[in-house]
Number of protein chains: 2
Amino acid sequence: MSATNPPIRILIVDDHPLLREGLSSLIAGQPDMTLVAEAENGEQALRAFRDHQPDITLMDVQMPTMNGIDAITAIRTGFPTARIIVLTTYKGDMQALRAIKAGASGYLLKSMLRKELVETIRSVHAGRRRIAADIATEMAEHVADDELTARECDVLRLVALGSANKEVAARMGISEETVKTHMKNVLTKLGARDRTHAVVVALKRGIIDI
Amino acid sequence: MSATNPPIRILIVDDHPLLREGLSSLIAGQPDMTLVAEAENGEQALRAFRDHQPDITLMDVQMPTMNGIDAITAIRTGFPTARIIVLTTYKGDMQALRAIKAGASGYLLKSMLRKELVETIRSVHAGRRRIAADIATEMAEHVADDELTARECDVLRLVALGSANKEVAARMGISEETVKTHMKNVLTKLGARDRTHAVVVALKRGIIDI
DNA sequence: CCCGGCCTCCCCATTTCGGGGGATTCCAAC
DNA sequence: GTTGGAATCCCCCGAAATGGGGAGGCCGGG
């Protein structure tokens, strides 16, 4: 943070123009930071990263065209040392977990204070990691849980759309008995009391989207 | 919009500091607008409105302490001519409907372009109404639908939390048969295929929250 | 090579739902 | 004062979901 160091070069990726504006003006007020590019979806982010190779990328998760998780994976495939901070509205512990597994160094909420954000940028730039406390807490509550398998997620998604077991079976090309088995596992793993509760829990935790 | 007119006096109400920053810097760039106050929840909004009586209030819906709908109702009880524009992330047609019934003159998404926002501010200040096209479309699809009654919402909320009809009945102090009747009505009104689907539809449309 | 996880399928018994029907009471609005 | 909506309760019945058990095949890591 000494004045002799070059500024932290930052890329912003978010599809909300207003939020980009807010970030941009926040960064403009920090003498040790400079904004090098903006992108409004994952594809643009990839190009912008290649062109500018920023020190820090601030990335939203929900975006059209290419979501933040895929963008993080793609960026870190080409640049394994890229430091990326996810900045999002809350969407459950699973989304955060996926972002971190994809290589994010930070996970923050858009509702946080400006001060915390700039501190996190400096912190991550210095090589540390920073996960918002409430998200860390929620992730910790589920570390011991078995995650849903791909097949179980498929079943649950169809159930969320109103399919009965028999219809799920027909759509997936498997027997109704298999669907029942998957649902039994889902109920157990999510600690849900019935299929409706399971869908609600999965939506809250970011395990499925609708 | 002539330079001789006094500027449009604006109040911002949003719990996201970053978004307030973005709005603030956007307004600062408009010669015919001036920011008179900011608030980060409904209560503060009420006080700020009384103190400053802005021409336009930009209001989020989801906030701690006092939500946007209640804040709109409260403000317009004291100041029936207040012009309020709701600025939110998408949460279903029902939330928009409630905001408009409470007296909002505009309903916009946070993902919109800056240009559209400043145009809407001028438009609403001139006495017109402005609802984002996609929201208007979705609201139009449901104008013919019967809305859920208070009791039906109560039942659906408990169902979403994993209660069986029998348990909903016990919690609400009514008979299971009554719960079944309510659920039948809910399924019909929402066009849902089963209770799980009903909960998902209600969540998407902003009819219930979890 | 063997083990574990995943996916698949099957059986049984009980409970819960969903879709019909109908009925009463209460309150507020016209 | 009648009318209508909301809320309450009741019946029947077939379909669906839940909870318990078991079991075989496949694939990848140790």
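Per chain, numbering begins at 1; letters A, B, ... match sequence-line order.
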Is there a donor-acceptor contact under 3.5 Å linking the side chains of [X] and [Y]?
{"X": "B:Ser123", "Y": "B:Arg128", "value": "yes"}
{"X": "B:Tyr107", "Y": "B:Gln95", "value": "yes"}
{"X": "B:His182", "Y": "B:Asn185", "value": "no"}

Heavy-atom pair with the smallest gap, counting every atom of A:Ile207 and A:Arg98
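Minimum heavy-atom separation between A:Ile207 and A:Arg98: O-NH2, 3.8 Å.
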Base contacts versus sugar-phosphate-only contacts with protein, heavy atoms under 4.0 Å: please encode nucleotides 13-30 of chain D as B, S and - from 5' to 3'.
---SSBBBB---------
Nucleotide-resolved protein contact map, nucleotides 25-30 of chain C, B/S/- at heavy-atom distance under 4.0 Å
------
B:Leu58/B:Leu23 under side-chain contact (heavy atoms from CB on, under 4.5 Å): CA gap, chis, key distance, verdict
CA-CA 9 Å; B:Leu58 297 177; B:Leu23 284 171; 4.1 Å; yes
Just how far, in rounded Å, is [atom2] of [N] from [atom1] of [X]?
{"X": "B:Leu158", "N": "C:dT16", "atom1": "CG", "atom2": "P", "value": "16 Å"}
{"X": "A:Glu147", "N": "C:dC6", "atom1": "CD", "atom2": "C1'", "value": "14 Å"}
{"X": "A:Arg151", "N": "C:dT8", "atom1": "CZ", "atom2": "C1'", "value": "10 Å"}
{"X": "A:His182", "N": "C:dC6", "atom1": "NE2", "atom2": "P", "value": "11 Å"}
{"X": "A:Asp154", "N": "C:dT8", "atom1": "CG", "atom2": "C1'", "value": "14 Å"}

I'd like to check B:Thr57 versus B:Arg83 (side-chain heavy atoms, cut-off strictly below 4.5 Å). Are they in contact?
no
Which residue, A:Thr178 or A:Lys189, contacts DNA chain C at a nucleotide closer to its 5' end, judged by nearest heavy atom?
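Nearest nucleotide further toward 5': that of A:Lys189.
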Any base atoms under 4.0 Å from A:Ser175, or only sugar-phosphate, or nothing? Heavy atoms, all strands.
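Answer is sugar-phosphate: A:Ser175 comes under 4.0 Å of backbone atoms only.
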Give A:Thr149 one of three labels, base, sugar-phosphate or nothing, depending on what nucleic acid heavy atoms sit under 4.0 Å from its own.
sugar-phosphate
Evaluate whether atom NZ of A:Lys189 has more than 12 neighbouring non-hydrogen atoms of other residues, nucleotides or ligands under 6.0 angstrom away.
yes
Decide side-chain contact (heavy atoms from CB on, under 4.5 Å) for B:Glu177 and B:Lys180; before the verdict, give the C-alpha distance in whole Å, the side-chain angles of both, and the deciding distance to 0.1 Å.
CA-CA 5 Å; B:Glu177 290 304 321; B:Lys180 283 185 168 190; 4.2 Å; yes
CE on B:Met66 to OG1 on B:Thr73, rounded to 0.5 Å
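Between atom OG1 of B:Thr73 and atom CE of B:Met66 there are 8.0 Å.
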